[in-house]
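In what follows, a structure is listed as structure tokens, so that the remarks can point back to it.
All values below come from the heavy atoms of this structure, side chains included, with hydrogens, waters and symmetry mates left out. Worth saying up front: this structure is predicted, and the values here are computed from it rather than measured. Whatever order the structure lists ligands and atoms in, that order sets their numbers, starting from 1.
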Amino acid sequence: MSQALTVAKFGGTSVADFDAMNRSADVVLSDSSSRLVVLSAAAGVTNLLVSLAKGPEQAQRVFMLDEVRRIHHAIIERLAQPQIICDEIDRMLENITMLSEAAALATSNALTDELVSHGELMSSLLFVEILRQRGVNAQWFDIRKIMRTDDHFGRAEPDTLTLAELAGTQLKPRLDEALMVTQGFIGSEVKGRTTTLGRGGSDYTAALLGEALYASRIDIWTDVPGIYTTDPRIVPGAKRIDEITFEEAAEMATFGAKVLHPATLLPAVRNGIPVFVGSSKAPQAGGTRVCLESANPPLFRALALRRKQTLLTLHSLNMLHARGFLAEVFSILARHNISVDLITTSEVSVALTLDTTGSTSTEDNLLTQSLLTELSSLCRVEVEENLALVALIGNNLSQARGVGKEVFGVLEPFNLRLICYGASSYNLCFLVPGDDAEQVIQTLHNNLFD
Ligand code: ADP
Ligand code: ASP
Ligand code: MG
């Protein structure tokens, strides 16, 4: 029988500096099944690289390049033998400088992905060096050799069949020889150009590799010891959920709980691979197990928040034309490659939000001028920005009695801009003004979870 395999993924804060990397190395080494490590860029680095890719003016560029250099050199300086890796990191830093100069002349999504990928390339190189200097037989693996994606730069979709095949031949045999360390978030399209899977995509990489390599567990090590009833940054008294189903966790991720990338659970569910979420700072604190079934799933499970939502309200210009109006709206949206997220309708108007699940590395705006122009030829368009989507995640929500009163009764002081309830028994969601979002979450949490 082959040895059990756990894919262990560490997020930005878990590889933020030398000490964090060493704590994460301790976590890996404490479990002999953790034979494949997937890493994010060090905390803050992806944000800096995304900003550099927008081609900022020179003074800002120099400042940001210095910051990227400082973060990585601070780690190198703490190594017992810094010279081994220093040249390689400096080569990467030179590349970053060159690419950001090119971006200042003309930016593109392909260039952005190439630039941004350096964050994960550098963190994984440094992590291997830390392990080696601790006497571990660790090897660096360039995930772009196997993570084949389409060429939708900024939010590329992996080709899972090709990944399974390439992972089987190129990565699997090496797992028996050494502790393999690779990059999350990045991939490559068929011509070999670097792509990224969207912000927060390292979780997704870990799950895809878990699927491709028949892992027995996927561990997501982050800065919180598990999945909580809501973001503990908003409600410090939020409670840890010890065990949660795939469906519930996927709903949370889709509706904005940043702790997991929205696509992470798909590969895990497809193969029934349990996912564990814990803190690399406090591994002894335990975490959340995400699995197929959990005992007594509660009516109310968690609250999630997605910010920066835009609401489009479309009013048909012609009452007589109202039949077929929705069909026309949807065909325009489909032509622009946009899927609708929340929707409510009346006889001659429809209000909807555009699906911004996950976000692109290139920070594309879905609401383009050409979409607005085309919609305006059909109907009157109203655009409201800076709204927040609050989602209550639970079980059998649409069958239970009194849910409406319990939820909305306590939200009297707030303007609820749009409500969606009934399509899914796992969620109830609504829009509120962005500035009220945290207060709405706190109020609901106090009343439904405390
Ligand atoms: P990483 O860099 O490790 O991927 P992220 O910042 O992407 O970490 O995700 C962890 C963060 O997710 C936490 O610091 C927390 O603020 C946020 N978060 C949002 N919702 C939740 C939730 N329901 N439970 C736990 N953390 C949450
Ligand atoms: N480094 C990438 C980001 O910040 C991917 C990740 O952290 O998962 O979005
Ligand atoms: Mg993340």
### Glu120: numbered ligand 2 atoms lying under 4.0 Å from its heavy atoms
1 (N), 2 (C), 5 (C)

Taking atom types as modelled, find out whether [X] and [Y] have a side-chain donor-acceptor pair closer than 3.5 angstrom.
X      : Y      : value
Arg199 : Asn47  : yes
His152 : Asn109 : no
Thr195 : Thr149 : yes

Part of [X] within contact of ligand 1 (heavy atoms, under 4.0 Å):
X      : value
Lys9   : side chain
Lys258 : both
Ala302 : neither

### Summary
A student comparing Ile220, Ile234, Val259, Thr222 should find that the heavy atom closest to atom 27 (C) of ligand 1 comes from Val259

### Option of least heavy-atom distance to atom 19 (C) of ligand 1 (set: Asp231, Thr229, Ile244)
Asp231

### Task
Carefully, step by step, assess Leu171 and Leu36 under the rule side-chain contact (heavy atoms from CB on, under 4.5 Å).
CA-CA 9 Å; Leu171 181 54; Leu36 175 59; 4.1 Å; yes

[X]: numbered ligand 1 atoms lying under 4.0 Å from its heavy atoms:
X      : value
Ile227 : 24 (N)
Met252 : 23 (N)
Ala257 : 20 (N)
Gly12  : 2 (O)

### Message
Looking at ligand 2, would Gly201 count as a contact under a 4.0 Å heavy-atom criterion?
### Response
yes

Carboxylate-amine/guanidinium proximity below 4.0 Å for [X] and [Y]:
X      : Y      : answer
Asp436 : Arg417 : no
Asp19  : Arg78  : yes
Asp223 : Lys281 : no
Glu67  : Arg70  : yes
Arg307 : Glu438 : yes

What is the closest protein heavy atom to [atom], and at what distance does it sit?
atom                    : value
atom 14 (O) of ligand 1 : Arg233 NH2, 2.7 Å
atom 7 (O) of ligand 2  : Ser40 OG, 3.1 Å
atom 3 (C) of ligand 2  : Arg199 NE, 3.3 Å
atom 11 (C) of ligand 1 : Asp223 OD1, 3.9 Å

#### Entry: Rounded distance (nearest 0.5 Å) linking atom CZ of Arg144 with atom CD of Gln183
7.0 Å

### Message
With rounding to the nearest 0.5 angstrom, report the CD to CD1 distance, Glu114 to Ile96.
### Response
10.5 Å

### Query
ligand 1 and Val224, any nitrogen or oxygen pair closer than 3.5 angstrom?
no

### Message
With nothing but distance in play, are any N or O atoms of Tyr228 less than 3.5 Å from an N or O of ligand 1?
### Response
yes

Contact with ligand 1 for [X], non-hydrogen, under 4.0 angstrom:
X      : result
His261 : no
Gly226 : yes
Ser14  : no

### Query
Quick one: does Gly200 get an N or O within less than 3.5 Å of an N or O on ligand 2?
yes

### Task
Go through the steps for Asn22 and Arg134 under the test side-chain contact (heavy atoms from CB on, under 4.5 Å), then give the verdict.
CA-CA 9 Å; Asn22 269 292; Arg134 288 175 63 160; 3.0 Å; yes

### Query
Quick one: does ligand 2 sit under 4.0 Å from the side chain of His261, the backbone, both or neither, non-hydrogen atoms only?
neither

### Task
Answer yes or no: does atom CD of Gln58 have more than 12 heavy-atom neighbours from other residues, nucleotides or ligands under 6.0 Å?
no

